[in-house]
Amino acid sequence: MQITPIPDLFLVAVKLNHDNTGAKYLHVAREDANNLFSVQFRTTPMDSTGVPHILEHTVLCGSQKYPCRDPFFKMLNRSLATFMNAFTASDYTLYPFSTQNNKDFQNLLSVYLDAVFFPCLRELDFWQEGWRLEHEDPSNPQTQLVFKGVVFNEMKGAFTDNERIFSQSLQNQLLPDHTYSVVSGGNPLNIPDLSWEQLKQFHATHYHPSNARFFTYGNLPLEQHLRQIHEEALNKFQRIEPNTSVPAQKLWDTPREYHVTCGPDKFATDPNKQTTIGVSFLLPDITDIFESFTLNLLSSLLIDGPNSPFYKALIESGLGTDFSPDVGYNGYTREAFFSVGLQGIADKNMETVKQIITKTIDEVIEKGFEDDRVEALLHKIEIQMKHQSTSFGLALSSYIASCWNHEGDPIELLNLGNQVTRFRQCLKENPNFLQEKVKQYFKNNQHRLTLSMNPDEKYYEKQTQMETEKLKQKINSLSTKDKLYVYEKGLELQDLQSKPQDATCLPALKVSDIEPTISFTELDTALAADEIPIQYCAQPTNGVVYFRAFSSLNTLPEELRPYVPLFCCVLTNPHFEEEEYFKVLVKMSAQELSNGIPNSGHLYASIRASRTLTPAGDLLETFNGMDQVRLMKRVAEMSDIKPVLRKLPRIKKYLLNSDNMRCSVNAAPQQLSQAGKEIENFLKSLGRSKKERKSVRPHVIEDPTFKPCQMKTHFVLPFPVNYVGEGVRTVPYTHPDYASLKILARLMTAKFLHTEIREKGGAYGGGAKLSSNGIFTFYSYRDPNSVQTLQSFEKAVSWAKSGKFTDVDIEEAKLSVFSVVDAPVAPSDKGMDQFLYGLSDEMKQAHREQLFGVSHEHLTNVSDKYLRIGKSTRGLAVLGPDNANIDKDPSWVIR
């Protein structure tokens with residue numbers, strides 16, 4: 001046992017080994033009630049069937065002690081967990097959860113341990129989560145056989161993301177000798193090669209305590225955790241030799257080049273400039289902790305911010321739209337790597353980009369870095385160490401995962417203060433310390449890959465063709481007996497998915513375990529610089545002061561509003577008012593928005609669906625929706641950008657005007673008065689209107705002329721999956737029915753939509769949620785269906801109206817809602833609901849009491865009153881491929 005206090009992070013680390021199995025254990029004791037557990041296994045697949053990813057899904061579908069279907073999703077509604085999930089990385093699989101309740105911690109720990117060490121791994125669960133052949137209509141054997149499965153569709157969605165394609169190829173090609181040469185999440189064309197037997201075999205060899213690393217964090221006693229983990233899991237195993245270590249990559253003696261293709265980007269600012277190129281350098285083993293710290297810091301100096309050498313040389317060259325994906329230091333594989341390049345360039349400029357990279361490296365070796373940039377970066381690390389986040393335990397478990405996975409010392413990794421001190425010492429002893437590293441790892445490094453990627457107009461067509469070939473191959477290999485088996489198993493799965501499920505074997509908290517009242521946060525408001533309100537909140541912030549200013553847009557002219565996100569994006573760049581710099585920033589912004597669609601399609605669909613339902617909906621679409629994506633594409637395409645540039649000083653005049661502002665400060669009590677003086681100075685430096693200041697405007701402004709209306713939009717995108725959103729206008733937060741709708745959204749998700757959309761439909765995700773503005777949203781994510789999903793949303797309303805749910809279901813939905821309502825709030829964020837939204841603690845307490853009081857009758861009433869077709873105004877939106885059914889329906893707008 002090794003015990004190490006790390007005062008910089010206010011924690012004590014305890015490192016242990018289990019005698020009998022060799023399991024490794026790290027406990028981090030810290031005064032934090034949001035306790036976390038995680039277990040990770042080194043998973044090193046040697047093919048792209050996605051076996052670790054499909055296994056991660058399937059172990060959560062039932063275990064020896066908890067044999068019900070899908071205990072993982074059921075525990076979301078039987079617990080007050082602040083976090084529950086599982087992740088598949090390239091070389092490990094991680095299962096973390098966190099909660100503030102001791103009994104809940106023990107319940108979740110029991111479910112997680114049983115899931116990973118003693119899962120059922122039933123064939124039908126493998127079919128549902130991984131892949132299966134099934135008739136399009138499972139009850140009709142005359143319909144076509146197709147591929148289905150949650151992971152299969154998830155990965156089809158993942159590979160619509162061009163940045164993902166580039167990053168995946170980069171890792172596969174730079175580290176080609178072992179597990180990093182495959183797709184651990186699974187390549188859709190290889191997933192159907194995985195058999196159920198192979199899945200079970202992978203579990204037997206990888207999910208063993210001898211190949212496990214346990215991590216606990218928080219203020220619960222370590223002895224309690226150790227006893228439970230030993231009794232419920234470890235004492236049932238003997239030590240084995242896990243053959244899972246990743247050998248060192250054999251170094252190249254000459255650099256290599258590689259080319260891949262991807263799908264075209266519909267939102268590219270210039271269709272002829274869609275090439276990406278990146279140069280990547282293999283770096284040392286991540287278990288050399290100080291070297292990794294140095295190289296990570298060096299990477300930040302090279303690429304972060306407008307004053308860094310690569311930003312100046314590449315981004316400001318105007319050749320591309322943004323850095324290439326995975327830019328900078330990557331420490332997630334056994335040997336780290338550094339990558340730099342450009343996306344959005346013309347094919348003909350590839351050589352130029354390579355030359356710029358080489359030249360920049362030479363210049364850095366010659367000139368080094370300014371002392372103040374190095375100092376600013378070290379200062380940033382020191383501030384980060386003081387900052388208290390609510391998910392600190394989760395951040396630590398992810399931070400140490402890769403290094404610990406390859407036998408690195410996690411305690412040394414946590415000792416950031418030591419690394420900063422040692423780094424300062426090295427710089428002091430040798431002023432050329434960083435330049436020498438650049439020379440060693442970049443200039444003289446032969447293990448260097450130049451990866452290029454450009455779009456192929458027929459990319460998705462070819463993918464579909466290869467999938468069709470694969471399907472044909474699979475079907476042709478089936479005997480008549482096999483076909484009958486596929487049909488019967490399909491019926492069996494459908495039957496299983498439709499049956500009411502008994503979850504009584506699972507542990508659960510009760511609503512009576514929830515605190516009836518919230519603790520109120522003390523806030524003071526004072527006026528500064530002639531009537532500008534400042535909210536003060538005294539908090540234990542470790543000496544860090546958190547300042548926010550809120551600027552109202554009420555006075556901003558209509559035509560300037562669409563440009564506010566761009567203004568916010570460029571404001572912190574010192575040169576944004578210069579035309580050439582501005583062009584660069586616009587292209588970067590447009591590229592980032594376009595790249596974000598595959599990961600956030602459901603959010604774009606939901607925003608568009610609710611656009612015409614509230615006065616704020618249109619503004620939300622203008623700022624954060626597809627309208628913004630398209631506006632930025634248009635601006636980036638302009639040959640003369642000056643008219644847009646001229647709008648920014650006008651926006652600045654309205655937004656950086658103290659008349660439109662209110663401010664807030666969270667800091668330690670003894671820092672508040674000094675902070676107040678600084679704010680006073682800041683406000684005096686801002687512009688003011690000549691007119692007399694009006695009384696502070698209320699948070700909510702009604703638009704008496706507004707009338708909600710229905711709108712259906714289909715954004716046709718070249719993706720093989722859909723993102724579906726439907727919005728219904730209901731009531732705001734303070735309305736008595738709001739609490740019932742909040743519980744209803746959770747109930748519908750857990751008891752109806754999850755089964756219909758994910759289990760039966762094969763989408764990666766789907767559900768219902770209620771936002772604070774009273775829009776009730778249905779959504780699906782990476783979904784092979786669209787119209788069928790919209791029908792599932794309708795069925796969900798009928799299901800809720802008919803009251804086909806029990807009091808236990810309601811109790812579970814309340815627990816799930818309270819786990820969000822009572823999520824921990826960091827000292828830096830206390831009082832923010834009041835400051836940003838005008839939600840007082842009294843309002844929150846009233847809402848809390850309404851949540852406790854929600855009954856069966858309330859739920860059937862609100863589903864009929866607000867969600868029934870014809871009752872409320874609704875909007876629909878789909879992002880995804882061409883759709884014949886939608887095309888035939890004139891009520892849809894096709895974009």
Name the orientation class of the two ring planes belonging to [X] and [Y] (parallel below 30°, tilted from 30 to 60°, perpendicular beyond 60°).
X    : Y    : value
Y781 : Y723 : perpendicular
Y738 : Y733 : tilted
W799 : F805 : tilted

Walk me through it: do R758 and F73 pass the test side-chain contact (heavy atoms from CB on, under 4.5 Å)? CA-CA 12 Å; R758 183 177 163 117; F73 279 97; 4.0 Å; yes
Are [X] and [Y] close enough that a side-chain donor and a side-chain acceptor fall under 3.5 Å?
X    : Y    : value
T99  : N101 : no
S740 : D737 : no
T789 : N722 : no
Q850 : K742 : no

What residues form a salt bridge (charged side-chain N to carboxylate O under 4.0 Å, His left out) with K103, not counting sequence neighbours? D513
Residue list, salt bridge (charged side-chain N to carboxylate O under 4.0 Å, His left out) with R630, at least two apart or on another chain: none
Within 45 degrees of the ring normal and closer than 6.0 Å to the centroid, is that where the cationic atom of K795 sits relative to F752? no
Can R548 and D829 be counted as an ion pair, charged N to O under 4.0 angstrom? yes
Under the side-chain hydrogen bond (donor to acceptor under 3.5 Å, both in side chains) rule, what do H602 and Y764 come out as? Steps first, then yes or no, please. CA-CA 11 Å; H602 60 309; Y764 183 48; over 6 Å; no
Residues N660, T555; criterion side-chain hydrogen bond (donor to acceptor under 3.5 Å, both in side chains); working and verdict: CA-CA 8 Å; N660 293 334; T555 58; 3.3 Å; yes
Can you spot which of I775, L744, L770, V862 makes a side-chain contact (heavy atoms from CB on, under 4.5 Å) with T730? L770
